[in-house]
2 protein chains.
Amino acid sequence: MGRSSKATPSTRSPKKPRQARDPEATKAQILNAAEEEFARHGLSGARMEAIAAGTGVTKAMIYYYFENKEQLYQAVLQRPANELLDAIKQLPLDDLSPEKALEMLVRGAIAHEAAHPYQQMILFQEASQNRGKYFEKAGWQAPFAYLLKILERGMADGTFRPVDPWLTAINIAGVCNFYFTTYDNVKHLAPDWDFRNPAMVERHTQEAIAFILAGVKRQT
Amino acid sequence: MGRSSKATPSTRSPKKPRQARDPEATKAQILNAAEEEFARHGLSGARMEAIAAGTGVTKAMIYYYFENKEQLYQAVLQRPANELLDAIKQLPLDDLSPEKALEMLVRGAIAHEAAHPYQQMILFQEASQNRGKYFEKAGWQAPFAYLLKILERGMADGTFRPVDPWLTAINIAGVCNFYFTTYDNVKHLAPDWDFRNPAMVERHTQEAIAFILAGVKRQT
DNA sequence: GTCTATACTGCGATAGAC
DNA sequence: GTCTATCGCAGTATAGAC
């Protein structure tokens, strides 16, 4: 049984019109299509044919730009770490109170995830399939470090209750992520909801911020 | 490129000694091995050969007990929903205050996940690959309903602040899950930690309970 | 830079002996 | 009930034309 025969086919929008002979655009389009395919199926499960179909080029083209499947995967895995870090660096976290900084970081992280939902899914696939082997190289320490720093600053000035910074950072990341990674399951439990809807994402953002801030703040 | 050549090989403990000609035991062993393989690779990515190797029987045996890969997958997906629900039903939730009931439910859910870490991973694979197509049938409404009920009870009697029950339930589930599902990635960021260690799981449990309760309780 | 055609391998599934 | 052997297709990767 191949995937194509029984598994749910991808509903990714079919080939977008492409500029012929535009190397940079072609490369970016390959990465975009690969991002969804790897997010859904991981390194071993992804099909080069499916990536080609989503891009509108042939398989041979992908092998021309990226040596092989593994290197394409690594290129895809690299992007989100850089992008999220760049987004975080824009935020004036050090100038804000720990509370405000945490709120802004959570808002930024969720906004980023809403714009790039496949990036979080890839990280999970990477953990499941490859046990973080490729994750290591992609530089995810940095975003985490910002979160840890805020938590420690808040504990130091007494606005946050005493917590284990690592475990709490993981819990916070879980709140930000789970809404998106569980979407395709939960939609069946609450069929009238559209979790990708921007208004819904905004409600999630507000609930998440309220939940997380209440979760770490010292009782007054 | 096949998975076996480049991807990280499974480190699942090799074939356990089996009782020959014990149908029920054989069937259960197949389900156990299949649970890990499907958790790591999902329906399409899982390899029947790998499941056979993890079980200690041949591929043909699996086809004898389960018609095909898809039906084996559905059987594996069914188990956790039933088991978690049974565990929850043991808890005297209705006799407790919303606060105590939530604490007990979270503790029970995390204990269950620690004992069956692959079950949560399968749910994610199911969402990613199949968009919840098979999830639907497995009856996950019930565990969620218990959580929703507690939240609503707590809001009604004023011990919890006003929250969106669905979004908050998802956030709570995220806190319980993320520790386990992200383990294989995060271990590279904090290499000296052993997240599967029981003492570590207990710390996670306590941090999660404190975080979640603080997150939903009304400020006093 | 982009395509078509194809070599070679991995894997789901089955046949048939014991 | 359990095994070995094998069929047939699906999927990675490449060769070579334009």
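Residue numbers start from 1 in every chain, and the chains themselves are labelled A, B, ... in the order their sequence lines are given, proteins ahead of strands. In this text the structure is predicted, and so the values were computed from the model without any measurement.
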| message | Rounding to an integer number of Å, can you tell me how far Met61(B) CE sits from dA13(C) P? | response | 16 Å
| query | With ring centroids as reference points, do Phe180(A) and His204(A) lie under 6.0 angstrom apart? | reply | yes
| task | In whole angstrom, give the distance that lies between atom OH of Tyr65(B) and atom C1' of dC3(D). | result | 13 Å
| field | Interatomic distance where OH belongs to Tyr73(A) and P belongs to dT12(D) [whole Å] | value | 15 Å
| field | Nearest-neighbour nucleotide for the Arg47(B) side chain, dA13(D), dC11(C), dG11(D) considered | value | dC11(C)
| task | Measure the shortest side-chain to side-chain distance between Leu43(A) and Gln125(A) over non-hydrogen atoms and say whether it is less than 4.5 angstrom. | result | no
| field | Whole angstrom value for the distance that separates P of dG12(C) from CD of Glu67(B) | value | 16 Å
| message | If you only use heavy atoms from C-beta on, which nucleotide in dT2(C), dT2(D), dA13(D) is closest to the side chain of Tyr63(A)? | response | dA13(D)
| task | Could you please name the option among dT14(C), dT2(C), dG1(D) that lies closest to any side-chain atom of Ala60(B)? | result | dT14(C)
| request: Looking only at side-chain atoms of Lys69(B), point me to the closest of dA13(C), dC11(C), dC3(D). | output: dA13(C)
| request: Using a strict cut-off of less than 4.0 Å between a Lys/Arg side-chain nitrogen and an Asp/Glu carboxylate oxygen, indicate whether Lys187(B) and Glu136(A) qualify as a salt bridge. | output: no
| Mutual orientation of the aromatic rings belonging to Phe144(B) and Trp166(B) [parallel < 30°, tilted 30-60°, perpendicular > 60°] | parallel
| message | Does Lys59(A) contact dG11(D) through a side-chain donor or acceptor facing the base, at a distance under 3.5 Å? | response | no
| note | Rounded to whole Å, CE of Met48(A) lies from P of dT9(C) at a distance of 19 Å
| task | To the nearest Å, give me how far apart CG (Asn68(B)) and P (dC11(C)) are. | result | 18 Å
| Ile62(A) CD1 - dG11(D) C1' separation (whole Å) | 13 Å
| field | Close aromatic pair by centroid cut-off 6.0 Å: Phe178(A) and Phe178(B) | value | no
| field | Under 4.0 angstrom between Tyr64(A) side-chain N/O and dT14(D) OP1 or OP2 | value | no
| query | Roughly how many Å is it from NZ in Lys27(B) to C1' in dT2(D), rounded to a whole number? | reply | 16 Å
| query | Considering heavy-atom distances to DNA chain C, does Thr58(A) or Glu49(B) have its closest nucleotide positioned more toward the 5' end? | reply | Thr58(A)
